[in-house]
Colleague: 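The structure under discussion is supplied below as structure tokens; questions concerning it will follow.
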Amino acid sequence: MQAKAQLYHYTVKVGIGTFKSKPPYKEYYLEMDMCSSLVWMQCEGCTKCFDQTPKPYPKSNSSSFRPLLVKNKPTPYKREYRDGSNTHGILARETFYFTLKTGGKAKFENVEFGCGLSNDMLMYKGYKNNKIAGLIGLGWDDNSSFLKQLGPQTEGIYSYCLPVVVSGKTPSTYLRFGDYVSHLKTHKSTPLYNTNKDSSCYVDLQGISVSKTRLNINPKMFAFKNNTRFGCMIDTVTPYSKIVSPAFDVLKLTLEKYFSKFKGLKKIKGESGLELCYERSKPEKYKNLPDVTFHLWGMEADFVMKAEAVFEVVGRSIPIRVREYFCLAMIRDSKVSVIGSYQQTNHRTIHDTKNKRLVFYPVDCSKNP
């Protein structure tokens, strides 16, 4: 399955439906959501819709669209997300098509999905020419998860490799199912958890290092604690990683001390929740920017992020010269830590949901390994 990025939201290209056209389906982009189970997209007739290109799915024109009925009435669904976004609609079955690495198409009939009729998705507002039409849930336990609907041939395993977004562009890569079993014993791994409250994917974050220097952060900062702290999740819907506030303060202070050694840097105010930003007197891209490591539970289970996955660097032209800005691409949160998509770039990440393990290793994802 082909995957692309829209401002660090990674999507899967799907064909859906049966129409009197060539090809016999409509193509849409659905965002990967490994922490929920519902597959859904906006449908025609929505009363509350977010802007998207192309228009919402024309369900009434597809000969393979079948609403799920209970006592001859459509089955409703409702899904709410952590940021306050929500979608409501009806459940249905439809034919889905996916692009194979060989160039052909894989066809799956009777895929259960949500036909969104009221969709308030904060994460897609404000994007010009938004191409995301919905989400494809890859959660563990619910049979409506796309992973579960694919059947036993996947062995409960899927993997992805997120390329770095360069100048707003990113190469295609592939979301893969069940074909990386050989890697599971030869690379770093850490346990995956979920809770009874939701289908989110949790990992045991033990600490953080900057340039191989371990920060003085109590591991309890990343643990569950009643309703005041919710551990550490890993997902692809969250672009910038979130770090629980006390740990974020230590990370921010450490980086401020690190950058105080360099001349030609000026602290500036960031945007989008980014707190630590600098202006450079001359463009250097990622030169002199440090690596950061998330220490996960397990034997040498260190998730090492190169500077490209830690900082966002932006160049801006002003009269006479070019100024360059960079920001720590992580934000603080009062209750939860999340390893987001920006930090997962250039890693092959494998979710072994059957054995509840996360396997990962660094690789150049632009080469679509």
Colleague: Answer with yes or no whether the side chains of Gln42 and Tyr28 bring together a donor and an acceptor at under 3.5 Å.
Modeller: no
Colleague: Between Lys354 and Glu155, does any side-chain N to carboxylate O distance fall below 4.0 Å?
Modeller: no
Colleague: Under 30°, 30 to 60°, or over 60°: which ring-plane class applies to His351 and Tyr158, parallel, tilted or perpendicular?
Modeller: parallel
Colleague: Ignoring hydrogens and geometry beyond distance, is a side-chain donor-acceptor pair present between Ser62 and Glu94 at under 3.5 Å?
Modeller: yes
Colleague: Using the rule given for ring-ring contact (aromatic ring centres under 6.0 Å, His included), can you reason through Phe259 versus Phe326, listing the C-alpha separation, both sets of side-chain angles and the distance that settles it, and then say yes or no?
Modeller: CA-CA 12 Å; Phe259 291 125; Phe326 68 87; 5.1 Å; yes
Colleague: Is it possible for you to check whether Lys26 lies under 6.0 Å from the centre of the six-membered ring of Phe19, through NZ or CZ, and within 45° of that ring's axis?
Modeller: yes
Colleague: Say you draw a straight line from CZ of Phe108 to OH of Tyr97; how long is it, rounded to the nearest 0.5 Å?
Modeller: 12.0 Å
Colleague: Mind listing the closest non-hydrogen atom pair of Leu255 and Phe311 along with its distance?
Modeller: CD2-CZ, 4.2 Å
Colleague: Determine yes or no for a side-chain-to-main-chain donor-acceptor pair under 3.5 angstrom, with Thr353 supplying the side chain and Gly156 the backbone.
Modeller: yes
Colleague: Without hydrogens or angle criteria, can the side chains of Glu109 and Thr95 be said to hold a donor-acceptor pair below 3.5 Å?
Modeller: no
Colleague: Are any of the side-chain heavy atoms of Met233 and Val336 separated by less than 4.5 Å?
Modeller: yes
Colleague: Taking Asn218 for its side chain and Met221 for its backbone only, find out whether a donor-acceptor pair lies under 3.5 Å.
Modeller: no
Colleague: What do you reckon, is NZ of Lys78 surrounded by more than 12 foreign heavy atoms closer than 6.0 Å?
Modeller: no
Colleague: I want to check something: taking the side chain as every heavy atom from C-beta on, are Met299 and Lys188 in contact at a cut-off of under 4.5 Å?
Modeller: no
Colleague: Could Lys252 and Glu275 be called an ion pair, given the rule that one side-chain N must be under 4.0 Å from one carboxylate O?
Modeller: yes
Colleague: Do Ser60 and Glu44 have side-chain N/O donor and acceptor atoms under 3.5 Å apart?
Modeller: yes
Colleague: How many angstroms lie between CG in Leu192 and NZ in Lys356, if you round to the nearest 0.5 Å?
Modeller: 9.5 Å
Colleague: Under a single-linkage rule joining Ile, Leu, Val, Met, Phe, Trp and Tyr whose side-chain heavy atoms are separated by less than 4.5 Å, which residues share a cluster with Trp297?
Modeller: none
Colleague: Would you check if the side chain of Ser118 reaches a backbone N or O of His88 as a donor-acceptor pair within less than 3.5 Å?
Modeller: no
Colleague: Using side-chain contact (heavy atoms from CB on, under 4.5 Å) as the criterion, point out the one residue from Asn86, Asp33, Val237, Leu122 that pairs with Tyr81.
Modeller: Asp33
Colleague: Can you find a heavy atom in the side chain of Lys105 that is under 4.5 Å from one in the side chain of Leu100?
Modeller: no
Colleague: Does Leu91 offer a backbone N or O that forms a donor-acceptor pair with the side chain of Thr75 under 3.5 Å?
Modeller: no
Colleague: Could you tell me whether Arg332 and Asp249 have a side-chain N and a carboxylate O separated by less than 4.0 Å?
Modeller: yes
Colleague: Under 6.0 Å between the ring centres of Tyr278 and Tyr325?
Modeller: no
Colleague: Please name the pair of heavy atoms, one in Leu30 and one in Trp40, separated by the smallest distance, quoted to 0.1 Å.
Modeller: CD2-O, 3.9 Å
Colleague: Donor-acceptor pair, Thr254 side chain versus Val250 backbone, under 3.5 Å?
Modeller: yes
Colleague: Anything under 30° is parallel, anything over 60° is perpendicular, the rest tilted; go ahead and classify Tyr361 against His187.
Modeller: parallel
Colleague: When you measure from the side chain of Glu324 to the backbone N and O of Val313, does any donor-acceptor pair fall under 3.5 Å?
Modeller: no
Colleague: Taking Pro239's backbone N and O only, do any of them form a donor-acceptor pair with Tyr10's side chain (distance below 3.5 Å, no angle check)?
Modeller: no
Colleague: Answer yes if the side chains of Glu31 and Tyr124 hold a donor-acceptor pair under 3.5 Å, and no otherwise.
Modeller: yes
Colleague: Ignoring hydrogens and angles, state whether a donor on the side chain of Asn119 or Thr87 is under 3.5 Å from an acceptor on the partner side chain.
Modeller: yes
Colleague: If two hydrophobic side chains count as joined below 4.5 Å and joins carry through other members, does Tyr25 share a cluster with Ile132?
Modeller: no
Colleague: Shortest non-hydrogen contact from Ser64 to Thr18?
Modeller: OG-OG1, 2.7 Å
Colleague: Can you tell me how far apart CD (Gln206) and CZ (Phe294) are? Round to the nearest 0.5 Å.
Modeller: 13.5 Å
Colleague: Is the side chain of Asp333 donor-acceptor paired with the backbone N or O of Lys335 at a distance under 3.5 Å, no angle test?
Modeller: yes
Colleague: Quick check: does any side chain N or O of Ser272 sit under 3.5 Å from a backbone N or O of Leu274, one acting as donor and the other as acceptor?
Modeller: no
Colleague: Between Gln343 and Tyr240, does any side-chain donor sit less than 3.5 Å from a side-chain acceptor?
Modeller: no
Colleague: For Phe96 and Phe113, take the angle between the two ring planes, folded into 0 to 90°, and tell me which bin it lands in: parallel under 30, tilted 30 to 60, perpendicular over 60.
Modeller: perpendicular
Colleague: Specify the closest pair of heavy atoms between Ala307 and Asp291, including all atoms of both residues, with the distance to one decimal.
Modeller: N-OD1, 3.5 Å
Colleague: Is the backbone of Val304 close enough, under 3.5 Å, to the side chain of Asp302 for a donor and an acceptor to pair up by distance?
Modeller: no
Colleague: So, is the end of the Arg79 side chain (NZ or CZ) under 6.0 Å from the ring centre of Tyr77 and within 45° of the ring's axis?
Modeller: no
Colleague: How long is the gap from OH on Tyr342 to OG on Ser241, to the nearest 0.5 Å?
Modeller: 11.0 Å
Colleague: Please round to the nearest 0.5 Å and tell me the distance separating atom CD1 of Ile90 and atom CG of Leu117.
Modeller: 5.5 Å
Colleague: Give a yes or no on whether the ring-centroid distance for Phe146 and Phe98 is below 6.0 angstrom.
Modeller: yes
Colleague: If you take the centroid of each ring, where Trp contributes its six-membered ring, are Phe303 and His295 closer together than 6.0 Å?
Modeller: no
Colleague: Verify the distance criterion only: is there a donor paired with an acceptor across the side chains of Arg348 and Ser159 at less than 3.5 Å?
Modeller: yes
Colleague: Side-chain heavy atoms nearer than 4.5 Å, only ILVMFWY residues, links allowed to pass through others: does that put Val359 and Val363 together?
Modeller: yes
Colleague: Mind running disulfide bond (SG atoms under 2.5 Å apart) on Cys43 and Cys46 for me, showing each step along the way?
Modeller: CA-CA 6 Å; Cys43 285; Cys46 54; over 6 Å; no
Colleague: Would you mind checking if Glu112 and Arg93 are paired as a salt bridge, meaning a charged N to carboxylate O distance below 4.0 Å?
Modeller: yes
Colleague: Do Phe65 and Leu69 land in one hydrophobic cluster if side-chain heavy atoms of ILVMFWY residues count as linked below 4.5 Å?
Modeller: no
Colleague: Measure the shortest side-chain to side-chain distance between Glu256 and Leu276 over non-hydrogen atoms and say whether it is less than 4.5 angstrom.
Modeller: yes
Colleague: Test of understanding: with disulfide bond (SG atoms under 2.5 Å apart), list the residues that count as partners of Cys232, not counting sequence neighbours.
Modeller: none
Colleague: Out of curiosity, Leu38 CG to Leu135 CG, how far, rounded to the nearest 0.5 Å?
Modeller: 8.5 Å
Colleague: Would you say the side chain of Val338 lies within less than 4.5 Å of the side chain of Ile234, judging by non-hydrogen atoms?
Modeller: no
